[in-house]
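The block underneath contains the structure these notes are about, expressed in structure tokens.
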Amino acid sequence: MKTNISDLSHLKIETFSAQIRGSIVIPSDSNYDEERKVYNGMISKHPGMIVKCVDVADVIASVNFARDNNLLISVRGGGHNVGGLGLCDDGLAIDLSGIKFVRTDVANKTVRVGGGNLWGEVDHATHPFGLAVPAGIVSTTGVAGLTLGGGVGYLSRKYGLTIDNLLEADMVLADGSFVTVNAERNRDLFWAIRGGGGNFGIVTSFKFQAYEVKNVFAGPTLWPIEKIEEIMEWYHEFINNAQDELNGFIAAMVVPGPPFPEHLHNKQFCGIVWCYSGDMSKAEESFKPILAKEPIFEHVGEMPYPTVQSLFDGLLPSGMQWYWRADFFNELGPEIRAAHFEYGSKIPTPLSQMHLYPISGAAGRVANDKTPWAYRDAKYAGVIGGADPDPVNVEKMTKWCKDYWDALHPYSSGGAYSNFMMDEGQERVKASYKKNYDRLVSIKNKYDPQNLFQVNQNIKPSL
Ligand SMILES: Cc1cc2nc3c(=O)[nH]c(=O)nc-3n(C[C@H](O)[C@H](O)[C@H](O)COP(=O)(O)OP(=O)(O)OC[C@H]3O[C@@H](n4cnc5c(N)ncnc54)[C@H](O)[C@@H]3O)c2cc1C
């Protein structure tokens with residue numbers, strides 16, 4: 001049983017507050033409701049206290065305070081996690097949004113990033129130098145949560161997952177100590193945080209490898225949903241044999257409105273959002289086989305990398321209702337394609353979607369045990385996402401997600417990408433790390449035997 005913060009003495013709270021250079025928000029504060037919001041508007045947790053850290057010392061003081069007083073801890077990076085894992089009820093919510101900095105080392109093509117940064121801020125700081133770090137597909141996700149879970153996105157086929165490009169991290173551990181982890185120092189922790197989530201400590205800064213990516217050739221192609229089976233069959237062959245420079249995730253989706261043309265609005269489609277990061281003079285040639293499939297709509301062209309990264313930001317504002325289900329897949333066989341047609345034809349709200357992200361190219365050439373991310377041999381990380389601004393639609397979009405997932409799961413590889421899961425229980429966490437789970441448990445036993453960091457896809461200590 002954890003202690004409730006409201007049961008602590010005034011003196012204890014005052015003593016802790018005096019150690020914090022950032023700010024502290026408690027339930028009686030007028031900004032409390034604003035500060036306890038996360039990206040998913042469906043999440044309504046009530047932490048006993050939110051500590052808005054501005055430096056490592058604030059993080060160390062918060063960890064020590066929580067541990068010494070038996071408080072539940074949550075850690076918020078970008079607050080984007082659909083399961084609301086950046087927040088907790090009653091305990092201490094450690095908010096890193098005040099620890100933001102991005103320093104681009106142009107000569108060495110590396111980038112140092114704060115534990116509370118968002119990806120758009122990284123893109124903004126690296127783009128003027130013609131550099132980019134492989135991340136996801138929207139700019140508003142947190143660097144920390146996305147990286148610690150793996151990081152799948154537009155550059156994965158060319159440069160690997162985000163974790164494949166993590167060079168170093170600074171961390172505050174459960175005992176309050178501060179460590180740097182990299183390929184030489186604290187190698188067990190360096191292995192564990194490349195996919196094992198926030199289970200091992202709080203990362204206050206990351207150092208990434210960056211690459212020469214200035215402009216990309218990118219954008220969506222759409223086909224009527226009636227063609228999804230044909231397009232998926234073609235896509236499976238095409239993307240798994242494509243050059244690494246070409247990436248594209250396939251979706252069952254509705255065109256929700258502008259900026260798409262009006263005649264497409266509110267209709268269901270099979271969409272593929274492409275991103276080619278190779279030589280621009282060869283881009284149009286690379287897209288010839290795609291355009292030969294005669295999409296009903298296409299909007300592909302050369303654009304700055306930060307533009308493709310923020311293409312969907314406007315459609316997906318913070319505060320909507322979200323429900324997700326996920327799995328990995330090796331194949332897109334006839335039964336799978338038929339299920340995509342069935343459920344893609346009855347998408348319940350305009351912003352609900354199904355995405356399959358390719359795990360091929362560079363991301364797929366990494367051994368399953370090189371990092372905790374155990375599904376390098378899967379071809380796709382899939383996610384079915386219900387989304388809508390109106391809470392009234394939660395029930396129908398949740399049912400659609402669950403039914404869609406039930407239809408596909410028998411054909412899946414077993415586990416799911418941890419960052420695409422909500423709270424699905426311990427067996428799903430184990431399935432997602434497969435043979436790497438036991439090694440994660442032994443590292444958890446060593447660094448966090450009391451399970452201080454448990455508001456995450458939890459690796460439970462076995463001691
Ligand atoms: C619209 C949308 C698009 C997405 N697109 C992609 C995508 O393209 N590719 C992809 O891979 N994922 C994607 N995701 C999933 C995303 O990776 C996860 O939601 C991720 O958890 C977000 O990280 P965050 O820091 O914003 O989350 P938070 O909610 O802040 O935290 C998530 C988890 O990470 C832990 N954590 C956060 N910060 C730290 C820290 N500094 N140190 C230790 N632990 C920490 C938290 O404790 C929590 O368990 C998307 C999510 C959404 C909602």
Side-chain angles (χ1 to χ4, degrees), residues 37-43 45 53 56 59 63 72-88 93-100 113-120 134-156 161-163 169-174 192-193 195-206 247 249 273 275 308-313 315-324 326 351 353 355 357 359 363 373 381 383 385 387 416-423 448 452-459:
K37 281 183 183 159
V38 285
Y39 182 79
N40 185 356
M42 227 162 87
I43 304 293
K45 292 188 184 175
C53 300
V56 174
V59 178
V63 167
L72 186 64
I73 282 185
S74 64
V75 183
R76 178 160 60 184
H80 232 73
N81 188 274
V82 168
L85 295 175
L87 275 191
C88 59
I94 302 178
D95 183 325
L96 296 214
S97 62
I99 305 187
K100 286 192 187 201
V113 182
N117 275 102
L118 306 181
W119 277 110
I137 62 133
V138 297
S139 77
T140 53
T141 36
V143 170
L146 181 137
T147 300
L148 296 170
V152 180
Y154 287 125
L155 301 180
S156 304
L161 304 180
T162 307
I163 47 174
D170 288 339
M171 299 178 68
V172 176
L173 305 182
I193 63 164
N199 274 285
F200 304 94
I202 301 180
V203 176
T204 53
S205 95
F206 297 88
N247 205 328
F249 70 87
V273 184
C275 180
V308 68
Q309 276 284 88
S310 50
L311 220 49
F312 303 112
D313 290 4
L315 286 174
L316 306 174
S318 185
M320 292 200 301
Q321 316 290 302
W322 287 86
Y323 183 86
W324 279 13
L351 292 169
Q353 311 200 352
H355 291 180
Y357 296 89
I359 311 299
W373 220 85
V383 62
Y417 170 31
S418 63
N419 271 343
F420 288 169
M421 289 201 297
M422 296 182 78
D423 183 4
D448 186 18
L452 191 66
F453 303 113
Q454 60 177 261
V455 182
N456 42 44
Q457 297 298 345
N458 197 222
I459 316 280

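In listed order, ligands and their atoms are each counted from 1.
For atom 48 (C) of ligand 1, the closest non-hydrogen atom on the protein side is Leu85 O, 3.4 Å. Of all protein heavy atoms, the one closest to atom 7 (C) of ligand 1 is Val152 O, 3.4 Å. Looking only at heavy atoms of the protein, atom 37 (C) of ligand 1 is closest to Gly77 N, 3.5 Å. Of the protein's non-hydrogen atoms, the one nearest atom 4 (C) of ligand 1 is Thr141 CG2, 3.7 Å. Scanning the protein for heavy atoms near atom 23 (O) of ligand 1, the closest one is Gly145 CA, 3.1 Å. Looking from atom 3 (C) of ligand 1 to the surrounding protein, the closest heavy atom is Val138 CG2, 3.6 Å.
In this structure, Tyr39 and Trp322 have tilted ring planes: the angle between them lies in the 30° to 60° band. Under the 30°/60° scheme for interplanar angles, the aromatic rings of Phe249 and Tyr154 are found to be tilted.
The shortest N or O to N or O distance between Leu316 and ligand 1 is not below 3.5 Å. In terms of polar-atom proximity, Gly79 is counted as a contact of ligand 1, with an N or O under 3.5 Å from an N or O of the ligand. Checking only distances, Phe420 never comes within under 3.5 Å of ligand 1, N or O to N or O. In terms of polar-atom proximity, defined here as any N/O pair under 3.5 Å, Asn419 does make such a contact with ligand 1. Considering backbone and side-chain atoms alike, Ala144 places every N or O at 3.5 Å or more from each N or O of ligand 1. For ligand 1, the polar-atom distance check finds an N/O of His80 within less than 3.5 Å of one of the ligand's N/O atoms. Ligand 1 has no nitrogen or oxygen under 3.5 angstrom from a nitrogen or oxygen of Gly198. At least one N/O-N/O distance between Val203 and ligand 1 falls below 3.5 Å. Backbone and side-chain nitrogen or oxygen atoms of Gly78 are examined, and one is located within less than 3.5 angstrom of a nitrogen or oxygen of ligand 1.
If you number the atoms of ligand 1 from 1 as listed, the ones under 4.0 Å from a heavy atom of Gly151 come out as 11 (O). The atoms of ligand 1 that sit less than 4.0 Å from any heavy atom of Asn456 are 49 (O). Short contacts between ligand 1 and Leu96, defined as distances under 4.0 Å to a heavy atom of the residue, involve ligand atoms 41 (N). Atoms of ligand 1 found under 4.0 Å from any heavy atom of Val82 (numbered from 1 in listed order, with element): 53 (C). The Gly86 neighbourhood of ligand 1 comprises atoms 29 (O), with distances under 4.0 Å to a heavy atom of that residue. Heavy-atom contacts of Leu148 reach the following atoms of ligand 1: 42 (N), 43 (C), 44 (N), 45 (C) (cutoff under 4.0 Å). Within the listing of ligand 1, atoms 7 (C), 8 (O), 9 (N) sit less than 4.0 angstrom from a heavy atom of Gly136. Residue Gly115 has at least one heavy-atom neighbour below 4.0 Å for each of these atoms of ligand 1: 41 (N).
Rounding to the nearest 0.5 Å places CE of Met320 at 5.0 Å from CG of Leu351. Separation of atoms CH2 (Trp373) and CG (Leu161) is listed at 5.0 Å; rounding is to 0.5 Å. With values rounded to the nearest 0.5 angstrom, Leu148 atom CG is found 4.5 Å from Phe206 atom CZ. Taking CE of Met171 as the start and OG1 of Thr204 as the end, the distance is 9.0 Å to the nearest 0.5 Å. Between atom CG of residue Leu155 and atom CG of residue Asn247 there is a gap of 7.5 Å, rounded to the nearest 0.5 Å. Taken to the nearest 0.5 Å, the OG1 atom of Thr141 stands 7.5 Å off from the CG atom of Leu118.
Under a 4.0 angstrom heavy-atom cut-off, Phe206 registers as lying outside contact with ligand 1. Residue contacts with ligand 1: Tyr417 is included, with a non-hydrogen atom under 4.0 Å away. Within the 4.0 Å heavy-atom shell around ligand 1 one does not find Ser74. The closest approach between a heavy atom of Phe453 and any atom of ligand 1 is not below 4.0 Å.
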_Between Tyr357 and Ile137, does the side chain to side chain contact (heavy atoms under 4.5 Å, CB included) criterion hold? Intermediate values first, please._
CA-CA 10 Å; Tyr357 296 89; Ile137 62 133; 3.5 Å; yes
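Distances from atom 46 (C) of ligand 1 to the heavy atoms of Ile43, Val75, Ile99 show the closest one on Val75. Ranked by closest heavy atom to atom 43 (C) of ligand 1, the top entry among Gly201, Gly116, Ala93 is Gly201. Closest heavy-atom approach to atom 5 (N) of ligand 1 among the candidates Asn199, Asn40, Ile193, Ile137: Ile137.
The shortest non-hydrogen separation linking Trp324 to Met422 is N-SD, 3.1 Å.
The main-chain N or O of Leu85 is never found under 3.5 Å from a side-chain atom of Asn456 such that the two would form a donor-acceptor pair. Under a 3.5 Å cut-off, the side chain of Ser156 and the backbone N or O of Val152 do not form any donor-acceptor pair. The backbone N or O of Pro134 lies less than 3.5 Å from a partner atom in the side chain of Thr162, making a donor-acceptor pair. Here the side chain of Asn199 pairs a donor or acceptor atom with the backbone of Ile459 at under 3.5 angstrom. In this structure a side-chain-to-backbone donor-acceptor pair under 3.5 Å is present from Ser74 to Cys88. Looking at Tyr323, its side chain never comes within 3.5 Å of a backbone N or O of Val82 through a donor-acceptor pair.
Side-chain contact between Val273 and Phe312 is present, with at least one heavy-atom pair separated by less than 4.5 Å. Looking only at side-chain heavy atoms (C-beta outward), Val172 and Val56 come within less than 4.5 Å of each other.
Only backbone heavy atoms of Val455 (N, CA, C or O) come within less than 4.0 Å of ligand 1; its side chain stays farther off. Under 4.0 Å from ligand 1, the heavy atoms of Tyr39 that appear belong solely to its side chain. Here Leu146 has heavy atoms under 4.0 Å from ligand 1 in both its backbone and its side chain. When non-hydrogen atoms are compared, ligand 1 lies under 4.0 Å from the side chain of Trp324 (C-beta onward) but not from its backbone. The parts of Asn81 lying near ligand 1 are both backbone and side chain, judged by heavy-atom distances below 4.0 Å.
At a cut-off of 3.5 Å, with distance as the only test, no side-chain donor of Asn81 or Asn419 sits close to an acceptor on the other residue. No side-chain donor from either of Thr140 and Asp313 sits under 3.5 Å from a side-chain acceptor of the other.
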